[in-house]
Amino acid sequence: MTFGDFQAVKDTSFDLPKGKFLTILGPSGSGKTTLLRLIAGFEKPTVGEIFINGQPVNAVPPYKRAIGMVFQKLALFPHMTAAENVAFPLKMRRHDARNIGKQVERYLELVKLGGYGTRRIHELSGGQQQRVAIARALVFEPDLLLLDEPLAALDVKLREEMQLEFRRIQKELGVTTINVTHDQREALVVSDEIIIMNDGAIQQKAQPVRAYRAPENPFVAHFIGVTNFIEAVAVSANGSTVTLTCKGRELVGVLAAGSAGLAQAARCTCAIRAEQVRIAPSQDRLGKLETQVRGQVNDAIFEGERIVYEIKVAELGDVLMKVFDHDPVGHLQFGPGDIVHLGWNAKDLHVFAK
Amino acid sequence: MSNDDKRLSTMISRRTLLHSMAAAGAATGLPMLGGTRAFAQEPQKPREIIVRAWGGSWVEALKAGVSDPFTKMTGIAVRHDLTEDNEIQPKVWAAVAQKRVPPIHINWDTTTNATKSALRGVTEDLSDLPNLKSTTELAKPVGLDGYPIVNTYGYVYVLAYRPEAFPNGAPKSWKDLLDPKLKRRIAFYNDGIGFHFPAQVAGGGKIEDIPNNMQPAWDFVTMMKQQEPLLGEDPDFTTWFQKGEIDAACTISTNAREARKNGIDIKWVVPEEGAKFDTDGLWIPKGLPANELYWAKQYINLALTKEAQQVWLDGLGLPGVVPGLTPPADLANDPSYPTKPEDFKNLIRVSSKVQVQNESDWFAKFKQIMQG
Amino acid sequence: MRTYRVAYPLTWRAMDVLEAFVAFVWPPSFRAAVPYLFLLPALILVGLLVLGLIQIADTSMRVLDRDTFLLSDAYSLDNYRRALTEPFFATIAGRSIIGSLIVTVITLVFAFPYAYLMVRTSSSALRKFLLVALFLPFFIGQVVRAYGWLIILGNQGIVNDILGHAGIPTLRLLYNYPAVLFGLVQYMLPFAVLMLAPALTAIPEELEAAAGSLGASWLKTFRHVVLPLARPGLVGAGLVVMTLSLTDFAIPAMLGGGSQDFIANAIYDQFFRTSDQGLGATLSLLLVAVGSLLVGVVFTAFGAGTLAMGGRRK
């Protein structure tokens with residue numbers, strides 16, 4: 001898909017088995033919404049083909065594709081009631097008028113809006129409007145449900161509630177779903193599978209746990225979770241275990257799935273999650289952690305359930321590392337300027353070849 | 001007011017022996033002799049007087065024939081107000097009704113419209129203008145007492161045509177306009193003015209029956225409607241002839257002559273049933289300060305001199321109201337430029353009073369037929 | 001303190017003086033009256049209009065005496081009798097009302113796609129072109145535009161020239177009812193587009209995509225989503241076009257060839273041609289009444305669409 005000279009989506013081939021919940025995750029401008037519009041049929045691909053149920057659909061206009069979509073701003077019809085909104089796709093598809101009422105009521109029940117049918121859209125709360133939009137997208141039993149960041153505008157509590165609601169409804173109906181979001185938490189919570197996109201290309205496609213635990217490139221590592229990056233040079237490799245050096249300091253890590261084979265002295269990017277680094281006032285408190293460094297606290301941010309420290313590590317070239325501490329028992333706390341010791345296990349250091 | 005009248009009559013007695021233009025020449029010298037005080041009996045001169053006029057070649061002709069000589073003679077500037085005649089009328093009426101000074105000193109008006117103002121009583125009597133003595137009876141408005149208006153020239157609603165469209169020669173009768181070939185190719189005034197009277201004759205009626213029985217006229221207009229004529233106002237006729245929209249029209253000869261001056265092959269006739277003859281005139285609204293009234297009267301008086309008429313009416317191509325005028329070369333012996341009594345034989349003239357009392361009915365009737 | 005005073009700009013001090021003056025002239029306790037003060041000019045204008053209408057109503061009940069060309073002192077309903085019974089006025093009223101309705105429908109039909117394209121196009125060049133093409137006629141007055149049509153549609157005009165080359169004999173395109181309606185539509189189009197554009201802008205594009213994904217073809221989307229949501233704009237534009245057409249003077253006068261008078265032309269005739277201000281006033285009031293009636297009918301039929309979105313159920 002190209003806009004003028006700009007390629008919005010390129011090189012994005014993937015399959016989605018029936019009944020799965022897939023999330024396309026990426027920053028704004030990564031092409032995820034364009035991808036969704038391509039699937040819905042609002043845009044036409046310049047090259048490539050989209051198949052639904054094994055049928056090519058490039059030549060099929062949106063209104064003939066059996067796709068339900070929940071829009072970013074919901075796109076509910078303000079001149080209709082909740083029930084009229086839900087009935088709209090049935091009327092457009094010329095369903096038997098006698099069954100429409102029943103079907104609409106069933107789906108309003110499904111989204112827990114039984115009895116709200118006669119309300120006008122502006123008389124409903126944000127969460128209720130979400131539910132109407134979901135019911136409207138599902139009522140005609142589409143082959144595919146598309147969610148275009150419909151939760152983005154909600155406050156955190158409601159968003160988390162709706163995420164679980166999406167999950168519940170999707171499991172209940174078993175409808176194949178593609179969700180688009182830039183919210184990594186949402187992606188991890190609701191999905192069977194995640195596709196991480198950047199610059200119009202797929203960075204990684206994996207189940208949530210794998211996407212988090214085994215990022216295939218620095219972008220994925222950076223986009224999901226809070227990650228520290230260390231630039232280093234490869235010294236030797238033994239299977240997937242790599243020995244590297246950074247400012248003369250030896251590091252051991254695991255080669256990421258995406259990076260095959262490392263040349264001697266290859267420049268690498270190493271990544272380690274903030275929660276996988278232990279922080280301690282003295283070295284002996286770090287126990288048997290394989291890699292240990294000394295640092296100085298630059299900043300400490302109290303976030304309630306945890307404290308986020310920013311540590312300057314001189315021996316790794318003054319790199320600033322983020323470290324979570326949620327020791328619920330010790331209530332340890334460091335202030336800026338304190339000397340601390342950091343440690344982590346080699347298997348948690350992901351090594352990406354450049 | 002009576003004082004002014006006396007002054008005017010003393011002037012008249014002084015001037016009766018003089019040719020009016022000679023008097024004008026003498027007056028021209030006045031400002032050089034020390035302004036208005038030179039003659040104690042002469043009222044104070046206003047800085048300017050305002051004359052309502054029609055625009056274009058009309059006002060140019062008036063300026064050359066009357067306004068410029070007047071300024072030269074008296075030193076009083078003349079401003080021409082080009083408000084349409086029928087739009088100035090309610091303003092003047094309102095001013096007189098509210099006892100305000102009217103917006104103009106002199107109105108150049110159709111005799112019919114002026115008669116309405118006269119009937120309403122907003123016009124000054126002009127009977128004492130000295131030069132009226134040397135005018136023909138055309139200057140006197142028909143059916144009114146005295147001279148609430150002075151007619152200054154006449155005009156004819158001729159049948160103007162393009163000879164090209166009449167290969168068998170000039171039309172002789174208004175009935176010739178019923179030729180199917182002329183469908184959508186003829187034009188009348190949108191209220192039918194100028195056509196009502198000849199239609200009365202062409203429809204088999206009599207002039208004497210106007211206004212009591214005009215059914216013949218309406219029958220003829222109804223026949224004419226089948227031709228789907230264009231309906232317009234003065235400037236439209238010139239334009240339509242020039243743009244080839246029409247082949248024939250009932251219009252004032254001046255409009256046809258204007259098109260001819262612009263190079264269009266166009267002629268006109270007075271058909272056998274006759275053609276409407278009417279006049280335009282000058283009048284003065286009531287409510288002017290005495291001195292301004294005096295000088296406004298002097299303006300009209302000047303407009304009635306042979307010299308002024310000759311220049312003014314050459315521009316308009318219309319016959320004046322003083323004897324001995326020389327017609328423009330292109331209009332000598334033209335039916336639209338009557339000079340001799342026999343020229344008037346075929347022209348229909350109806351008193352202004354009858355016209356103003358009935359014309360709104362005629363207009364309405366004509367429009368009802370044409371727009372129905 | 002002194003340094004502070006130096007840093008304190010002169011304009012601020014000027015504003016202080018001004019504010020003190022304003023506070024003196026208009027003490028804060030008067031502040032509640034300010035909104036009403038701003039209302040005053042509008043009230044005066046409306047008041048003048050009402051006074052004028054009362055004056056016209058008074059004149060409309062006086063009959064012209066053709067012996068003196070004065071209006072009668074006594075009141076009479078004779079002018080109303082004439083206006084309502086003489087077939088000429090019925091003809092003209094019918095022509096004006098039917099004409100304004102036809103013009104309204106055609107104008108809206110043309111203006112809608114224009115406004116829609118202008119609002120929805122992704123090409124800013126096209127949008128600019130459409131805007132310029134829309135505003136250009138505004139700089140050219142109604143009369144000049146009508147003259148333009150006289151030139152273009154005349155027997156020797158461009159259109160007949162082209163038809164002539166195609167072997168079609170010269171057609172009379174002007175001076176008839178269709179020519180007047182055509183002129184009015186052309187005159188009204190920009191008004192309608194300008195009234196419609198904001199209403200269409202207010203319809204989120206996503207709604208149309210949503211309708212598409214829910215199974216509505218382009219036509220059904222238009223019928224069930226765009227049209228109902230554009231109703232406030234359509235009602236507003238329709239009212240403006242209808243009232244302006246109903247009361248128009250110049251286009252019927254110029255493109256009608258004298259045979260297609262609208263009510264305003266008849267009023268002009270009474271005031272300025274036959275000097276009958278009484279009948280003119282009567283016709284004016286009746287025009288106001290007819291216009292108000294039409295507006296009332298539209299409001300009851302389509303709701304006060306310009307004021308509220310909701311209102312009607314299917």
Side-chain angles (χ1 to χ4, degrees), chain A residues 3-4 33 36-37 39-43 60-81 83-95 117-123 132-133 135-150, chain C residues 112 116-117 119-128 196 198-238 299 301-314:
Chain A
F3 292 121
T33 293
L36 208 65
R37 294 179 66 84
I39 297 168
F42 302 140
E43 319 274 359
V60 181
Y63 69 95
K64 286 188 178 160
R65 300 186 186 188
I67 294 178
M69 183 154 172
V70 181
F71 288 81
Q72 197 160 13
K73 289 172 187 154
L74 303 183
L76 294 171
F77 302 127
H79 58 299
M80 300 180 193
T81 62
E84 281 167 353
N85 265 280
V86 178
F88 185 82
L90 299 177
K91 282 185 183 153
M92 292 303 112
R93 285 159 207 275
R94 302 195 181 286
H95 280 230
T118 54
R119 297 279 184 96
R120 306 212 137 251
I121 296 309
H122 61 85
E123 294 167 350
V132 175
R136 188 181 67 172
L138 290 171
V139 71
F140 59 101
E141 289 161 3
D143 297 334
L144 182 60
L145 175 66
L146 302 180
L147 308 172
D148 183 11
E149 305 201 43
Chain C
F112 199 95
Y116 187 83
L117 185 63
V119 166
R120 286 284 190 258
T121 181
S122 55
S123 153
S124 71
L126 178 61
R127 194 192 331 275
K128 273 177 203 147
L196 278 174
L200 291 178
T201 312
I203 304 173
E205 207 170 350
E206 224 181 33
L207 286 189
E208 292 167 49
S213 82
L214 295 169
S217 63
W218 181 86
L219 208 66
K220 281 180 175 172
T221 302
F222 180 78
R223 152 107 174 66
H224 293 288
V225 176
V226 180
L227 211 53
L229 288 175
R231 201 178 64 197
L234 284 170
V235 171
F299 269 144
F302 300 101
T306 39
L307 304 174
M309 283 284 263
R312 208 170 48 126
R313 297 254 169 101
K314 270 188 190 170

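Only this structure's heavy atoms are used, side chains among them; waters, hydrogens and symmetry mates stay out. Residue numbering restarts at 1 for every chain, and letters A, B, ... go by the order of the sequence lines. As the structure is a computational prediction, the values presented were derived from the model and not from experiment.
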Answer with side chain, backbone, both or neither: which region of [X] has an atom nearer than 4.5 Å to a non-hydrogen atom of chain C?
| X | value |
| --- | --- |
| A/Lys73 | both |
| A/Leu76 | backbone |
| A/Leu74 | backbone |

Considering all heavy atoms of both residues, which atom of [X] and which atom of [Y] are nearest to each other, and what is their separation?
| X | Y | answer |
| --- | --- | --- |
| C/Ser213 | A/Phe71 | OG-CE1, 4.0 Å |
| A/Arg136 | C/Ala210 | NH2-CB, 3.8 Å |
| A/Tyr63 | C/Ala216 | CB-O, 3.2 Å |
| C/Leu207 | A/Phe77 | O-CE2, 3.6 Å |
| C/Leu229 | A/His79 | CD2-ND1, 3.4 Å |
| C/Lys220 | A/Met92 | NZ-O, 3.0 Å |

- Query: Nearest 0.5 Å, what's the CG-CE distance between C/Leu214 and A/Met69?
  - Reply: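 Separation between the atoms: 10.5 Å.
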- Can you tell if the side chain of C/His224 reaches within under 4.5 Å of the side chain of A/Lys91, non-hydrogen atoms only?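 They are not in contact (no side-chain heavy atoms under 4.5 Å apart), so the answer is no.
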- Message: Among A/Ala133, A/Gly41, A/Pro62, which residue has the highest count of heavy-atom pairs closer than 4.5 Å to chain C?
- Response: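 Option with the top pair count is A/Pro62.
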- Message: Are more than 12 heavy atoms, taken from residues, nucleotides or ligands other than C/Arg223, located less than 6.0 Å from that residue's CZ atom?
- Response: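 Not more than 12 within 6.0 Å, no.
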